[in-house]
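A short worksheet on the structure shown next.
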Amino acid sequence: MDQTQKTPTKRTELQMARSMCWHCQSEIHGEYFCVQCVKVQPVSKELDYFTCLGLPRLLNIDTDVLETKFYELSRVFHPDFFQNKTETEQAISLGNSALLNTAYRTLKDPIRRAEYLVQLEAGSAKDIRTSPPADLFEEILALQEDLQEFRSAAPGQDPGHMEDLRARLKTDREALERRQQDMESRLLELFTKWDSLQGRAEQDDQLRTEKTAVLTQMRALLSNRTYLRNIVNDLVETIG
Amino acid sequence: MARIVGIDLGTTNSLIAYMDGDAPRVITGRHGRALVPSVVAMTDNGLIVGDPAKEHLVRNPERTVYSVKRFMGKSLEDVAEELTYFPYKLHEQGGVIRIQIGEKTYSPPQISAMILKELKLRAEEHLGEEIKKVVITVPAYFNDSQRQATKDAGTIAGLDVLRIINEPTAASLAYGLQKRTQGIIAVYDLGGGTFDISILKLKNGIFEVLATNGNTHLGGDDFDRKVANLLLKEIRSRYNLDVEPYLDTMQVVRLEAERAKIRLSEERKTPAVIELPAGKGEFRFELTRDQLEALTRDLVEQTIGPCRLALKDAGLQPPEIDEVVLVGGSTRMPLVRQRVQELFGKVPHSELNPDEVVALGAAVQADILSGGTQNMLLLDVTPLSLGIETMGGVMSPLIRRNTTIPASAKEMFTTYADGQTSVDIHVLQGERELAKDNRSLARFQLKVPPLPAGVPRVEVMFLIDANGILNVSAKDVRTGQTQSIEVKPSSGLTDEEVERMISESFKFAAEDLKARQLIEAHTEAEAILKATEKALGLGGHLIGADEIASIKASLAALKAARVTEDHRAIRARIADVEKATHHLAEVLMDSALKEALQNKKLSELP
């Protein structure tokens, strides 16, 4: 039995940087402001964005709830409300607001949210590299060649051939866009799967294996999707 | 907490406003005008600002500076195309434009500081207290250098600039406060020299900017230039006369073009009249609205692209915009309104005075900062991506455009050679792929301990504060030591220069005060001469010949004093006239009262 496994604790208050007030050294239990001296406390830089916005580590998020929480915390930390305070308090407000803004921006967008979660769960935040989907490798190579030819075409080039090229690129673009959409819906399925795993009460090896599998699949999908998106953007830029 | 006021430092006009109870109010000058023309003239008697300086545009074109906002935070290269349009001479020193006036040169922040001081004085006279703390607005699309230059201007003027806020967002504050609007609004702000579009979400007192875009070199000035060019062409063909060498007439043409453009917002056609130099007589031309629209259609069209980009960045379609708000004098043009309406598919709002709404919003923000208004909060964004130059001259973005501010990004740096002691960092702003195509904000050297290549780890924190201004700090990850970084702005004043300009501004203050007092005395003398002569005409028959004689003598003395440059003497003669006319004024008042009574029926009397 693994006694150290922690169940996700639900917190209404943020974890603050220190357990002691920077100003009066009173004890702090996650309050935004010291109970004794009412000074604002810095949010821990190690705090993850889900906790920061008071949300469980799930992928299907009610964006209205997210927004409400973001607005609520903005009213707590925004530098506008610290204009009459000391320099230290102003600096804390600035740091907290910047972190809050990053957290909100990351969680608002489903793709960024998923990328963040994958990195977070991986521990030592490894970047998600972009890579082509293995089964599309040949097609993408051919497409890149066409794209290169189309771009470097001299003005006098055979117009008939250029039209063919454009038509081929257009078909490729549409195929890739469909593929991208397909990947996104598969991602959404994984979101739901992840959330149900997170909701399970028992914490055992089976669960951990399943979670790892979901994360691995998401990582691959995200990396392929970014790759495709870049190509589609290239195509849109070139052929319109 | 001392009072904080809001300032709209515009290209053409500037305003100052404050929170009066729970409503923002602009401060008007002596003549009831809220707008202070952003014009500074260097006369032989010192410096003058605003309406009186505007008169010098024609009299003294080489020594009168207007539209200085176009040069804030810019290098000479940035504005090369339009240099020929300005009668004053520009050159560059340390990457910053300097304006040459006579023997002296001034940086754009120094000129702006003069306008700020004028506004400060106006507010102090009105409110009867010293003003030190201000909020100043800038175009949303202003980059870091332009914002910093605006902050410098405030510092040089002896002001504590608590916040730089974006003009369209300021407008939304004033608008939202008045209308209690909720939902998505687009603020289309076409001013004298700049264009901004901002898309905001208003919800329960939070004003969240979703996206912003614009062009800091597109505004009413450019419209005037099109009209002026037409007039110049017409003069050339009709009289075989090149007006360019006549700097004073060039200003007459520019101002007449502006007036004609303004009139054409109300009328279908309007005359333009210009007194020509070289004894060529008077030039008359009839300009129609159709002509104006044909000339400026492409300029209006240039605002549409940024609107589309802002919509795209906000992830919205035009029908999803609930309300469109117009800001800036140039939005009075029917063509502009028509295009905006076409784009968004709804009639834009223009109930609030487009000249004043930005200053009003600045006053609201000032009140938020002073702790007065607590239910409103503005969450603005950075208009341009911030990044650093990486290998191969590529721009690597760290903070993307339209990121909510304050925003921060961390980047780890290390060395590529053994024993290397510093790393050069080049900070950029813009949306282009290559470093050289973006705006260079600053360069600095990161100090690293001499260690084998790749071992040092220095974390640099780039933080964009609530003003949209960049702050950089660095920390050695191994030792935990922080290092202060001296950032050399690529086109901005250094701290020492700002310091020097502050002390200079105090040195000139005495001189400027003299000029101001003289102008005020002159203005007052004019007014009292006119009023007294009118009063003599009306009530001369009601007083004795001796009295008339003494009044006339006092008037003659004032007329003689008026041409001098001794404001004390003029003031003394004004006092004499007031004394001499005291009785006449009473008599007139009595007769006016009687007349008023006589014109009424008995039944109407109380």
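Chain A is the first sequence line, chain B the second, and so forth, proteins listed ahead of strands; every chain is numbered from 1.
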Notebook entry, point to check: Got a sec: does the NZ of B:Lys203 have more than 12 other heavy atoms crowding it under 6.0 Å?
Noted result: yes
Item checked: Listed partners of A:Gln144 passing side-chain contact (heavy atoms from CB on, under 4.5 Å), at least two apart -> A:Ile140, A:Leu147, A:Tyr227, A:Ile231
Notebook entry, point to check: So with a 6.0 Å cut-off around CD of B:Glu433, is the heavy-atom count from everything else above 12?
Noted result: no
Check: Checking heavy atoms, do the side chain of A:Arg105, its backbone, both or neither come under 4.5 Å from chain B?
Finding: side chain
Check: Would one find more than 12 heavy atoms of other residues, nucleotides or ligands at under 6.0 Å from atom CE of B:Met412?
Finding: yes
Listed pairs under 3.5 Å, donor-acceptor, residues 395-403 of chain B side chains, sequence neighbours left out:
| unit_1 | atom_1 | unit_2 | atom_2 | d |
| --- | --- | --- | --- | --- |
| B:Arg401 | NE | B:Asp313 | OD2 | 2.5 |
| B:Arg401 | NH1 | B:Glu431 | OE1 | 3.1 |
| B:Arg401 | NH2 | B:Asp313 | OD1 | 3.1 |
| B:Arg401 | NH2 | B:Asp313 | OD2 | 3.1 |
| B:Asn402 | OD1 | B:Thr212 | N | 2.9 |
| B:Asn402 | ND2 | B:Asp313 | OD2 | 2.9 |
| B:Thr403 | OG1 | B:Arg400 | O | 2.5 |

Item checked: Contacts of type side-chain contact (heavy atoms from CB on, under 4.5 Å), residue A:Gln90, not counting sequence neighbours -> A:Phe82
Check: Of all heavy-atom pairs between A:Ala98 and B:Leu463, which one has the smallest distance, and what is that distance?
Finding: CB-CD1, 4.2 Å
Next item on the list: Give, for atom CG of A:Leu94 and atom CD1 of B:Ile464, the distance between the pair rounded to the nearest 0.5 Å.
Entry: 11.0 Å
Checklist line | B:Gln481, CD atom: more than 12 neighbouring heavy atoms under 6.0 Å | finding: no
Check: How about residues 376-384 of chain B versus chain A: which residues have heavy atoms under 4.5 Å apart?
Finding: B:Met376, B:Leu377, B:Leu378, B:Leu379
Check: Closest heavy-atom contact between A:Gln83 and B:Leu162?
Finding: NE2-CD2, 3.7 Å
Margin query: Atom CZ of residue position B:Arg457 - does it have more than 12 heavy atoms of other residues, nucleotides or ligands inside 6.0 Å?
Written below: no
Next item on the list: Check whether more than 12 heavy atoms from other residues, nucleotides or ligands sit under 6.0 Å from atom CZ of B:Arg432, and answer yes or no.
Entry: no
Notebook entry, point to check: By a 4.5 Å heavy-atom criterion (distance strictly below it), what part of B:Gln365 contacts chain A: side chain, backbone, both, or neither?
Noted result: side chain
Item checked: Segment of A:Asn101 engaging chain B (4.5 angstrom heavy-atom cut-off) -> side chain
Notebook entry, point to check: Quick check: are there more than 12 heavy atoms from other residues, nucleotides or ligands sitting under 6.0 Å from NZ of B:Lys475?
Noted result: no
Next item on the list: Look up atom OG1 in A:Thr68 and atom CG in B:Asn204, then write down how far apart they are to the nearest 0.5 Å.
Entry: 8.5 Å
Note to self: Rounded at 0.5 Å granularity, tell me how far NZ in A:Lys108 sits from OG1 in B:Thr404.
What the structure shows: 6.0 Å
Note to self: Looking at every non-hydrogen atom in both residues, tell me the closest pair between A:Tyr104 and B:Glu208 and how far apart they are.
What the structure shows: CE2-OE2, 3.8 Å
